[in-house]
Every structure is written in structure tokens, then in C-alpha cells.
Protein chains: 2
Amino acid sequence: MEEKDTCDVICVHEDEVKDVKSKMLEDEFLFEVSDNFKVFGDSTRLKIMYALSQRDLCVCDLAAVLDMSQSAISHQLRVLRSKNLVKFRRKGKMAYYYLADEHVVSMIELCVEHTKERY
Amino acid sequence: MEEKDTCDVICVHEDEVKDVKSKMLEDEFLFEVSDNFKVFGDSTRLKIMYALSQRDLCVCDLAAVLDMSQSAISHQLRVLRSKNLVKFRRKGKMAYYYLADEHVVSMIELCVEHTKERY
DNA sequence: CTTCCATATGAATATCTGATCATATAAATT
DNA sequence: AATTTATATGATCAGATATTCATATGGAAG
């Protein structure tokens, strides 16, 4: 299976490696999972989501809450939309954003808890 | 409170903003939370942790399981150690790594579940 | 104490990411 | 229709990050 004994991997324990390899999830799937974590791994996006967990807000208000530029917020909202973490409804010129579902809230809550407990 | 009406933030809804601001968690804390998520937001690190959730492994075996260089793995293990997500015990020349606690496992499991459910 | 080998790490590089700036779009108001 | 204003977005740039390469460290065994 392995063609590459070329270089550094010398001390491999064949059986254990084979065992764990068989239990590993698909590369593609784990990439997707890490990609999901990544969205939460930026404090601006996390703050946006946390703010939205309090109440729906328009872009301007989010900018005010986070004390950041409208553009910066808008760019991050785009990311959050692309990951289906937030949605929005138009009301006149404004766009009111809200969290897409409960998963988002529970993800944040869990990591908040873990962060509190672990340190 | 805001000295900066300078530029773009024009349409702020004072009350809602004030309300959400009062409910926001500390900047510093949310930064820490996002920083924790960030560690899980890289597929190499996630794979390492997932592999270790199956059984303790030495660096070489991890490299074999992930099919990556020893150096790359070692660098990422350093990151994981610095965040107290993994620990290791020496056995001769080798270092056997293992997950630091159950939090790590449950974090991964949760996001795996969410990823499965959401798409 | 020298060699061997598993692991660690510093430096360099390439890629990615987030903020800014300038500008475009789109809805409301005149 | 022209203007205003809330939001979106493309381009750019700076800083962060992951891998590689070369080398160092540290324990084992001779």
C-alpha cells in the first residue's frame, strides 16, 4: 500500500498504523469538518455570531457593536452566508442578519464552556 | 461613548446596539474562544487528534497514518501541545502522544455530527 | 564518548486570510 | 430620473500560517 519508504518514516509500527488508518474518517470529510471549525476560528466572525445570538441586527449595527468598518463586517458576513451559518432578510435598504439555526448557537456555547473549563 | 462618527457608521440603532453591546462577552475572552476553534480549523491537526482518539501513537506512526513528513507532524504537535490538547510520554527514543482530555474528543465529535447533519 | 535514530526546531518560502480602500449595487426618497 | 444611503464586492496589501529543508537535541546502545 505504501510506496514511500523513501525517507524519514523508519520506525513505523505496521500493525498499529494499519489499525488506526482503517479507523480514520475520509480525508475529504475531515477536511470539511476542519473547514467548519475554521469559520469559528476568527474572532470577528465569532463576535458577529455571538451578537446575532442576542438579536437580529443590520450590518450597520453589527459594525457599531463590534466597532469595525462596515466593509469588514460585510466581507465576513459573506463568509458566514457561504457556510450557511447566517441568513438575512431585507427591510428597505437594510439587511437584517440572523443565525441560520440552533447548531450555530450550540457550537458557540460548547466552545465557550470548554474555554471556561479548561483554563 | 463613541468618538467616531467620522465615517461609515451612519444608520446605527442606538438602543439595539447598546443592548447587544451590554450582552457581549469580553473581547479578550471571545478572542480566546476563537483561538481555540482555530486549532481545530486545520485538517492536519484535526487528523492528528482524530487518530489519537483511536489510540496513542508515536510521531513516526502519526506521520505514517497521515502520510506526511515527520517534521510537519512534529510542528503541528507543538501547536497542539501549546494549547494543551495533547500530551506525550517518552518511551526510549520515542514520544507517544495522546489526547489531553475528554474535551478534545467531544469537541471533535460534536463538529463531526454537525457537519454530517448540516449538509 | 561515539554513533544511531526518533523527535524537535529554526529559517525560508509559499499560500492563505482579513482589513482597507475605492467603487458598485440596490432600495427609498425627493 | 436623480440623489441618498445601506450594503456588497473587487483589488490590494500586510500579517499569519503550514510545509519543507537543514540541522539540532537527546536518549539508547554499542
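Just so we're on the same page: letters track the sequence lines, and every chain starts at 1. Heavy atoms only: backbone and side chains are in, while hydrogens, waters and symmetry mates are out.
- Among residues at least two apart or in separate chains, there is no ring pair (Phe, Tyr, Trp, His ring centres under 6.0 Å) pair with a member in residues 42-74 of chain B.
- Taking atom CG of B:D67 as the reference point, atom C1' of D:dT20 lies 15 Å away to the nearest angstrom.
- Look at CG on B:L77: it is 16 Å from P on C:dA6, rounded to the nearest Å.
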Under 4.0 Å protein heavy-atom contact, by nucleotide of nucleotides 14-23 of chain C - B base, S sugar-phosphate only: ---SSSBBB-

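- Atom CG in B:L80 sits roughly 10 Å away from atom P in D:dA18 (whole-Å rounding).
- Distance B:R89 CZ to C:dT7 P: 13 Å, rounded to the nearest Å.
- Under the 4.5 Å side-chain heavy-atom criterion for grouping Ile, Leu, Val, Met, Phe, Trp and Tyr, B:M94 is not connected to B:L77 through any hydrophobic cluster.
- Annotation: ring pair (Phe, Tyr, Trp, His ring centres under 6.0 Å) contacts involving residues 55-96 of chain B, sequence neighbours excluded, comprise B:F88-B:Y97.
- One atom, CG of B:L66, and another, P of D:dT20, lie 12 Å apart when rounded to the nearest Å.
- For B:D56, the side chain to side chain donor-acceptor pair (under 3.5 Å) partners two or more places apart in sequence, or in a different chain, are B:R89.
- Comparing A:R81 and A:M94 against DNA chain D, the residue whose closest nucleotide sits nearer the 5' end is A:M94.
- Between A:R90 and C:dA28, a side-chain N or O to OP1/OP2 separation shorter than 4.0 Å is absent.
- Following rounding to the nearest Å, A:L62 (CG) and D:dA6 (C1') show an atom-to-atom distance of 13 Å.
- The side-chain heavy atoms of A:M68 and A:L62, taken from C-beta on, include no pair separated by under 4.5 Å.
- Under the rule for a salt bridge (charged side-chain N to carboxylate O under 4.0 Å, His left out), B:K93 has no partner lying at least two apart in sequence or in another chain.
- Separating the OH atom of A:Y96 from the P atom of C:dA27 is a distance of 17 Å, rounded to the nearest angstrom.
- Look at A:R78 and you'll find a side-chain N or O under 4.0 angstrom from OP1 or OP2 of D:dT9.
- Counted within 6.0 Å of NZ on B:K38, heavy atoms from surrounding residues, nucleotides or ligands total more than 12; the atom is thus considered enclosed.
- Side-chain N/O atoms of A:Y97 include none lying less than 4.0 angstrom from OP1 or OP2 on D:dA6.
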Dot-bracket notation for DNA chain D, counting Watson-Crick and G-U pairs under 3.5 Å, with | for partners on another strand: ||||||||||||||||||||||||||||||

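- Comparing D:dA8, C:dA8, D:dA6 by their closest approach to the side chain of B:A95 singles out C:dA8.
- With respect to A:K83 and A:D35, a salt bridge is recorded, a charged nitrogen being found less than 4.0 Å from a carboxylate O.
- Placement of B:Y98 and B:V59 in two distinct hydrophobic clusters is found when ILVMFWY residues are connected by side-chain heavy-atom separations under 4.5 Å, directly or transitively.
- A:K93 has its NZ atom 6 Å from the P atom of D:dA6, to the nearest Å.
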